[in-house]
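To keep things clear, I will list the structure first and then write my remarks on it.
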Amino acid sequence: MNSVSEILDRQREELVFVRKLIDEALQQRSTELIKFAKLFAEVVSVVQECECRAYGIDNASIDLIRLAKDEKAKRMLDKQ
């Protein structure tokens with residue numbers, strides 16, 4: 001089973017891919033590619049929203065995960 005942190009990391013990667021797809025579509029000025037990028041972005045959005053609901057991920061959870069990662073990084077730096 002994936003941890004919430006792993007899910008959020010993967011979702012960020014998916015959004016980077018969506019951004020690249022949109023940028024490419026706009027650069028090429030291809031109406032078909034722009035339509036595809038829009039549809040793809042909408043599908044990713046719906047899937048990620050459902051996934052967050054299924055795993056109980058909300059903004060508060062995300063903030064706690066960021067805080068935990070920041071604390072872990074700080075501890076690692078303090079050890080050096």
Side-chain angles (χ1 to χ4, degrees):
M1 188 162 104
N2 294 330
S3 74
V4 171
S5 183
E6 291 171 333
I7 292 167
L8 294 174
D9 288 342
R10 182 183 39 74
Q11 287 183 351
R12 283 186 202 97
E13 291 173 10
E14 291 168 352
L15 292 175
V16 168
F17 179 79
V18 168
R19 168 50 63 193
K20 288 178 182 178
L21 184 60
I22 291 168
D23 289 345
E24 182 67 24
L26 293 173
Q27 184 179 12
Q28 290 186 22
R29 297 181 184 198
S30 165
T31 304
E32 290 304 312
L33 192 52
I34 291 169
K35 287 178 185 178
F36 174 76
K38 179 181 183 286
L39 178 62
F40 188 80
E42 290 171 351
V43 169
V44 168
S45 177
V46 168
V47 168
Q48 288 184 351
E49 182 180 335
C50 291
E51 189 172 45
C52 285
R53 285 183 188 165
Y55 284 91
I57 302 170
D58 57 13
N59 288 336
S61 301
I62 294 168
D63 291 342
L64 288 174
I65 290 166
R66 285 184 185 145
L67 180 62
K69 283 184 176 182
D70 290 345
E71 287 298 318
K72 182 178 179 183
K74 183 180 175 190
R75 285 193 303 275
M76 289 173 63
L77 289 173
D78 289 344
K79 288 181 181 179
Q80 294 181 353

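Numbering of residues begins at 1 and proceeds along the displayed sequence.
There is a path of hydrophobic side-chain contacts, each under 4.5 Å, that joins Val44 to Leu26.
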Taking distance alone, no hydrogens or angles, what donor-acceptor pairs closer than 3.5 Å link side-chain atoms of residues 16-24 to residues at least two apart or in another chain?
{"residue": "Arg19", "atom": "NH1", "partner": "Asp23", "partner atom": "OD1", "Å": "3.1"}
{"residue": "Glu24", "atom": "OE2", "partner": "Gln28", "partner atom": "NE2", "Å": "2.4"}

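For Lys38, the side-chain hydrogen bond (donor to acceptor under 3.5 Å, both in side chains) partners are Glu42, not counting sequence neighbours. With sequence neighbours excluded, the residues forming a side-chain hydrogen bond (donor to acceptor under 3.5 Å, both in side chains) with Glu14 are Arg10, Gln48, listed by chain and number. Remark: Arg29 pairs with no residue by the salt bridge (Lys or Arg N to Asp or Glu O under 4.0 Å) rule, at least two apart or across chains. Residues satisfying the salt bridge (Lys or Arg N to Asp or Glu O under 4.0 Å) test with Glu13, not counting sequence neighbours, are none.
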